[in-house]
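What follows is one structure encoded as structure tokens, with my remarks underneath.
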Amino acid sequence: MRSGSRDPRCRARRIALNYRARMLLLLLACAEVEPEDSAIEWSYPLDDVLRVNHLQAVGTHNSYHMRTPGVTADPWDYEHAPLDEQLGAEGVRQFELDIWYNADLGEFDVYHIPLVDDTSSCTSLSECLAVMRGWSDENPAHHPFLTLLEVKDDFDEATVMPLLAAIDAQVQAAWPDERRLSPDDVQRGYDSVAEGLTAEGWPTLGESRGKAMFVLHTGDDFRQAYTDGDRTTEGRAVFPDAHGNLALSVGAVSSINDPKADIDTITAALAAGHLVRTRSDSDGTEARANDTSGREAALASGAHFVSTDFPVPYPDTGYVVEMPGGTPSRCNPVIAPVECTSLAIEDPAFVR
């Protein structure tokens, strides 16, 4: 397992960035509330009817990613705007962060691959979380957005629990309980998350605006450690990724990446109430060929979050993933009730 430091020469820079992120979180916590006359007034008449799983939104893959100078590999030929710009100008509502544990600092570095593809718009988890929190504080009318936290370290039984505790602590510091949807909000006192989901469904949009959700996007080993052998998520800050395994009592969110090959798995997960994230493209293959078949399959599948490397057009072909009729998001085409409208999911007039 990695100790956390890629290169000793970079440690001082990372410490400075981590300090900056912590100071930003402190400023957010202590900031004065805006005067009422400068706030945007908003109202959603269907907020007690529509639920979190009635929406469909665009997401980004490796949401922090920037091109590394000198690297020309096709799969890495994409670059995302900073997270707050994605939320605002691009209407992105789902993110993915690759995190590498820095045990010396109890912090997580955010990047793709050491040395060869490691340029990021936010370089630590605390910094990334603070950027998203800052935008949310200014735009409390947004529907909940979801962030996958993909642990890149190798599984190690000796250190996995401190690593998982650090994830919870980082998330809770930036996004306290009242600003976050957690497994307990779905379980609602039932014996498991799955039972609560079956009995009550997802919280309403009215209960969820201005909030974020986080998912432990890992394999079975990390998930089982995080959930005490798939037995409980009580008190946990993030949802474990069920990856379409509907037998898990701790499951409520599933990443199912291929909307064409895995459409039956997506359909079953939707029927079970899971929030589903899928992908419309990967490695730039579809963008270079302007192949929209994956995009159309993802949108039609009813997956709640359609993840792409191209929320803005790819320069050579114009390939892009946008939400048809979204403002920025839309009613889920498979499971939203008939009275739903895109403006009832999120109205751009209520977002700066």
Side-chain angles (χ1 to χ4, degrees), residues 21 24-25 28-29 31 42 44 47 50-64 80 82-88 90-99 108 110 121-122 124-150 166-187 193 202-217 226 233 235-241 252-255 274-277 304-305 307 311 328-329 345-346 350-352:
L24 179 54
L25 285 174
L28 287 171
W42 51 274
Y44 288 96
D47 261 10
L50 300 178
R51 296 183 177 272
V52 172
N53 62 324
H54 289 154
L55 62 84
Q56 187 177 58
V58 171
T60 50
H61 163 253
N62 289 353
S63 307
Y64 56 85
H80 291 305
L83 301 180
D84 53 348
E85 293 183 26
Q86 292 184 51
L87 281 161
E90 298 174 7
V92 172
R93 295 293 181 268
Q94 179 260 305
F95 301 94
E96 180 183 19
L97 304 176
D98 290 337
I99 58 176
F108 294 87
V110 174
S121 64
C122 50
S124 69
L125 179 57
S126 60
E127 182 184 3
C128 297
L129 296 176
V131 170
M132 292 190 287
R133 171 68 188 273
W135 182 89
S136 178
D137 284 350
E138 292 186 353
N139 298 278
H142 69 81
H143 72 67
F145 55 79
L146 179 145
T147 301
L148 305 180
L149 302 176
E150 182 169 354
I167 291 175
D168 269 8
Q170 292 272 307
V171 170
Q172 289 167 336
W175 292 88
D177 291 350
E178 65 273 15
R179 294 295 302 277
R180 189 185 70 252
L181 286 180
S182 67
D184 288 348
D185 295 318
V186 177
Q187 186 166 342
V193 168
W202 283 90
T204 65
L205 288 181
E207 296 170 315
S208 309
R209 292 203 182 273
K211 295 185 179 183
M213 300 174 58
F214 298 90
V215 177
L216 187 66
H217 184 54
Y226 189 69
T233 53
R236 288 302 196 182
V238 308
F239 291 84
D241 197 328
V253 181
S254 284
S255 296
H274 280 217
L275 290 185
V276 176
R277 175 263 196 175
H304 301 91
F305 300 100
S307 181
S329 305
I345 298 293
E346 186 170 305
F350 301 151
V351 178
R352 297 183 191 275

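Taking the side chain as every heavy atom from C-beta outward, I167 and I99 approach each other to under 4.5 Å. You'll find the side chain of L205 reaches within 4.5 Å of the side chain of L55, heavy atoms only. Looking at heavy atoms from C-beta onward, F108 lies out of side-chain contact with L97 at the 4.5 angstrom threshold. Between V92 and E90, the closest side-chain pair of non-hydrogen atoms falls below 4.5 Å. With contacts defined as side-chain heavy-atom distances shorter than 4.5 Å, the pair D137/R179 qualifies. The side-chain heavy atoms of P176 and R133, taken from C-beta on, include a pair separated by under 4.5 Å. Residues S121 and H80 fail the side-chain proximity criterion, which asks for heavy atoms closer than 4.5 Å. Side chains of P328 and V58 form no contact here, defined as non-hydrogen atoms less than 4.5 Å apart.
Distance CE/M132 to SG/C122: 7.5 Å, rounded to 0.5 Å. With rounding to the nearest 0.5 angstrom, the CG atom of L148 is 5.0 Å from the CD atom of Q94. Atom-to-atom distance recorded for D84:CG and N139:CG is 10.0 Å, nearest 0.5 angstrom.
Salt-bridge check for D241 with R277: failed, with every basic side-chain N at 4.0 Å or more from each acidic carboxylate O.
In this pair, H142 and W135 present their aromatic rings tilted. The plane angle is within the 30 to 60° band. The aromatic rings of F145 and W175 sit perpendicular to each other, their planes meeting at more than 60°, with 30° as the lower class boundary.
By the side chain to side chain donor-acceptor pair (under 3.5 Å) test, E207 is found to be paired with T204, residues two or more places apart in sequence or in another chain being considered.
The only option from L146, T233, L275, V186 that meets the side chain to side chain contact (heavy atoms under 4.5 Å, CB included) definition with F239 turns out to be V186.
T60 and Q86 share a donor-acceptor pair across their side chains, judged by distance under 3.5 Å alone.
R93 and A57 make their closest contact through CB-CB, 3.8 Å (heavy atoms, listed as atom of the first residue, atom of the second, distance).
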